[in-house]
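These numbers come from a predicted model, not from an experiment. In the text below, chain A, chain B and the rest are named by the order of the sequence lines, each starting its count at 1.
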Amino acid sequence: MKELAKTFDPKEFEQRIYEDWERDGDFHAEVNPSKKPFTIVMPPPNITGQLHMGHALDQTLQDVLTRWRRLQGYSALWLPGTDHASIATEVRVADELRETEGLSKEDLGRGEFLKRVWKWKDIYGGKITEQQRRLGDSCDWERERFTMDEGCNKAVVEFFVRLYEKGLIYRGSRLINWCPDCGTSLSDAEVEHEDLNGKYWYIRYPAADGGAGITVATSRPETMFADVAIAVSPEDERYTDWIGKSVLLPVTGREIPVIADPYPDPEKGTGAVKITPAHDPNDFEVGARHGLAQPVCIDFDAKMTAEAGKYEGQDRFACRKAWVEELDAAGYLVKTEDVVIPTGKCYRCDTIVEPMISEQWFVKMEELAKPAIEAAKRGDLRHVPARFEKIYLHWLEEIRDWCISRQLWWGHRIPAWTCGTCGEIIVARETPAACPKCGAAGAALSQDEDVLDTWFSSALWPFSTLGWPEDTPDLRYFFPTSVLVTGYDIIFFWVVRMVFSSLEMMGEPPFETVFVHGLVRDEQGRKMSKSLGNGVDPIEVIDTYGADALRFFLLNGSAAGNDMRFVLKNVESTRNFANKLWNASRFVLMNIGKTKGDGSKTKGDGSYVLRDEDMWILRTTEQVAAEVTDNLEKYELSVATQKIQELIRDEYCDWYIELVKTRLYGEDEETKAVCRAVLVRVLSDLLRLLHPFMPFITEEIWSYLDKPNKLIKDRWPAPEGFAEDADFAAAAGRIETTKEIVRAVRNIRAEANAPQSKKLPILILFDEGKTPSLGEHIRSLAGVSDIGVIKSEADLPGDTVSAILKGMALHVPLADLVDFAAEREKLAKERERLTGETQRLSAKLNNEGFTAKAPAAVVEAEREKLAAAEEALTKVTAREAAIREK
RNA sequence: GCGGGCAUAGCUCAGCUGGUUAGAGCGCAUGGGUCACAACCAUGAGGUCCCGGGUUCGAAUCCCUGUGCCCGCACCA
């Protein structure tokens, strides 16, 4: 038998193991009607850069679920891919171009620029998949996809055309979010709000007929050049007389009407609002209601237009400053007020977003949102943890039309053409040969220059990756997917859109469950970010501690849906746990020799060859396996990891291995063979249970066990009835008693500072009716020289230290080592505790409300507790009396 | 304004559908170079489960109020 290295070193095997898995196609999932499908489509990481710790968490959760289901015998598909991330990538590549070559993307031109982006995609996409391999992702690389590959493009076009034909996509001139730096429109979801310190400037608009006029407050005085009215509430008596009259725009003297509209709130500001339809969403609505013009005073570069007179060409904020000064000098500035202004910023470049009127493509949301809301309410779509359903619903219920066109080059080109001859707009799956309306030849048709929002293609990801719009076997078998794993920060961008797209195109939700996780923060709880420089590179952590350790830490770190902190010390702990398993396995391998057999339950004649500890560990392992399975079904991954860790470290290593050593080192070949078999058998189950969480180390150890197949393709532990077997239960009970005695003796030894090398005799006084059943275990594990059973206190020789246990009193004669003062103190403390305990329990049991209403099992358990406490109390009191004089 | 989260041992966090003597890892203290493991072992000390109410026979757990931290959405001149 090969031996394991003395210390666990993940570098020795992680890469090799991964290559073996990949080479042998172990991640590949096939359509297989005799198996149940389990499908996860990976949220495609952006090709903009490296994987961060959040990805590591996201990927690990998916890998755990996939590996677990694969072991359970599902045809488990985890479909990987990357996202072209239209705006983010374009910005990155353009930045790089400027830095390295001093060129703008316009300098290169569309075609050449796109070539550069594809090159970028090859480099960074490759880096990402390399990192995923380091993490141990068992995804099916044969099915790897890209949101801009041919199949996805086909899906995008099909989706667009179908929605257009249904009237759910339209083109229109509306107020949209504009990022002047990225030079594109943004959807509402792509605008982040930040509270900035700003001001209200109270500005007087003089009456057209020469009166003092109306004062309005504004946080954006530079938009005044595009004002078309002053609106007041019809209910606001202060302004009733003004309605229908006119005021003059300060300085410029342009006349604008005062109109009545429900929008102004008399409580806010001065009650009168300037109306600038081209630069404010609310004003846009007001303007539309009143049929007002939409002059524009800020252009797409965030510079003032000719509308702003002498400020034309100035930056919007520079203009604001100068303009306020001019207003002040001219006596129109009534006052200013410091105030916090919630300001929209571009989620990619942080530039302050400018609301602009622009011709864009939109998806009409109302009709699409409804089924998505119903699906969640009906339970066809489940969120884990459930609270995220509220967020999902809230967003859908308030959703507005989705602006999907982007003034960018990198992305799916909009499948729409304009006829240069008649102006007809043609939406089609393929480049039209001629204009259907006027018959002009294809040359007269020009395709829309814009591309689609990245999320328009991501929305189709769960089915476009499986072949849609074709009706493929994959699609029929693997769709709908089983679970979507993603961070809560992406519910709006992505989850919501996948759901309504799928409901519209496939007629059902794209997944049964949305498993939501939180963010990985830094040690101080701050968000990891480039600007703070506090990001931790998962690959560096893997280099130091191994992928298994990182994965286990990420799983252990927090409950589902909650943010977690990255604490390096804790990764070290999980690495140490891996090392523990490694060494236990090393022990097993060193001792099993050429053992045959599988640790089976009984001999042919039905009598047991298994000893108590064998039955105990088999039973315990089976119980924990069942619990872990249950936890996984409920997505309680961190609970599962804790239970497995406890089983391996506390039960298998600390107790079973220790309990079995005397047998292994002894001469009895038969019992030696049995415990060897049980050691291997239980270790195998432990490896199976741990494999989804720590795939590398488990596969590596497995390879030393002479198994016919790899662990990744083995099976999940299934119950064999140990847990229900009465003999096993009795054996387990005896082992628990043994553990209790061993612990008590160790405790006494430590408290008395008796050297560990010194063997101690112990005496046990059993409660009446209890059967003594003591094995070698106590001698070997607690350093006991002799175990005596006595009939009464009176039989105790000399000076002893005692411990009161369930069903017995344990005495260790320590002669001069006995500190009777400490002993009395200990007993008094114990008596106090037990007295409190008995009082509490009897009060509870005397309460009729409790005995009548609590479940019988609970009442029974409390009765037993009381009996035990009373018994212990008697023994403690007796002991106190016995040593009172010492 | 609307919605959500968190508050448990010195630190990082578990604790499911109410019934536990409230747990883990790290840290701390004491002892140990023992033949799987010092990336270790053994033992131990640490907790008015944020405050206050309520529901209940029974609350860390469910409900309400408050306090403190954090987040999302919306929005104001």
Practice item. Determine: side-chain N/O of A/His193 to OP1/OP2 of B/rA74, distance under 4.0 Å, yes or no. Key: yes
Exercise for review: Look at the side-chain N and O atoms of A/Asn562 and state whether any lies under 4.0 Å from the OP1 or OP2 oxygen of B/rC13.
Suggested key: no
Practice item. At under 4.0 Å between heavy atoms, which parts of nucleotides 19-28 of chain B does protein reach? Answer with one letter per nucleotide, 5' to 3': B base, S sugar-phosphate only, - none. Key: BSS---SSS-
Review point. If you measure only the distance, is there a donor-acceptor pair under 3.5 Å linking the side chains of A/Glu190 and A/Ser187?
Key: yes
Practice item. State whether a side-chain donor-acceptor pair under 3.5 Å links A/Thr223 with A/Lys274. Key: yes
Please confirm whether the ring centroid of [X] lies under 6.0 Å from the ring centroid of [Y].
X	Y	answer
A/Phe13	A/Phe696	no
A/Tyr205	A/Tyr332	no
A/Tyr545	A/Phe8	no

So what does [X] touch, heavy atoms closer than 4.0 Å: a base, only the sugar-phosphate, or nothing?
X	answer
A/Arg749	nothing
A/Asn579	base
A/Glu397	nothing

Can you tell me the distance, in whole Å, between the [atom1] atom of [X] and the [atom2] atom of [N]?
X	N	atom1	atom2	answer
A/Glu627	B/rG15	CD	P	15 Å
A/Asp283	B/rC76	CG	P	9 Å
A/Lys634	B/rG15	NZ	P	12 Å
A/Asp563	B/rG5	CG	C1'	9 Å
A/Lys643	B/rG15	NZ	P	11 Å
A/Asp489	B/rC71	CG	P	14 Å
A/Tyr392	B/rG72	OH	P	21 Å
A/Leu396	B/rA74	CG	P	13 Å

Check your understanding: If you take atom types as modelled and just measure distance, does the side chain of A/Glu658 reach the base of B/rA36 with a donor-acceptor pair under 3.5 Å?
Key -> yes
Exercise for review: Mark yes or no for a side-chain to base donor-acceptor pair under 3.5 Å between A/Arg575 and B/rA39, with no hydrogen or angle criteria applied.
Suggested key: yes
In Watson-Crick or G-U wobble terms, both distances under 3.5 Å, what is the partner of [N]?
N	answer
B/rU30	B/rA42
B/rA60	none
B/rA14	none

Review point. Mind checking whether A/Tyr200 and A/Tyr202 have parallel, tilted or perpendicular rings, split at 30° and 60°?
Key: perpendicular
Exercise for review: Step by step, work out the ring-ring contact (aromatic ring centres under 6.0 Å, His included) result for A/His383 and A/Tyr392.
Suggested key: CA-CA 9 Å; A/His383 286 78; A/Tyr392 166 96; 4.9 Å; yes
Review point. Any ion pair linking A/Arg220 and A/Glu222 (charged N to carboxylate O, less than 4.0 Å)?
Key: yes
Point to revise | A/Asp9 vs A/Thr851, nearer the 5' end of RNA chain B by closest nucleotide | key: A/Asp9
Point to revise | Inter-nucleotide P distance (B/rC50, B/rA22), Å rounded | key: 15 Å
**Study point:** In B/rG58, glycosidic geometry as syn within 90° of 0 or anti otherwise
**Key:** anti
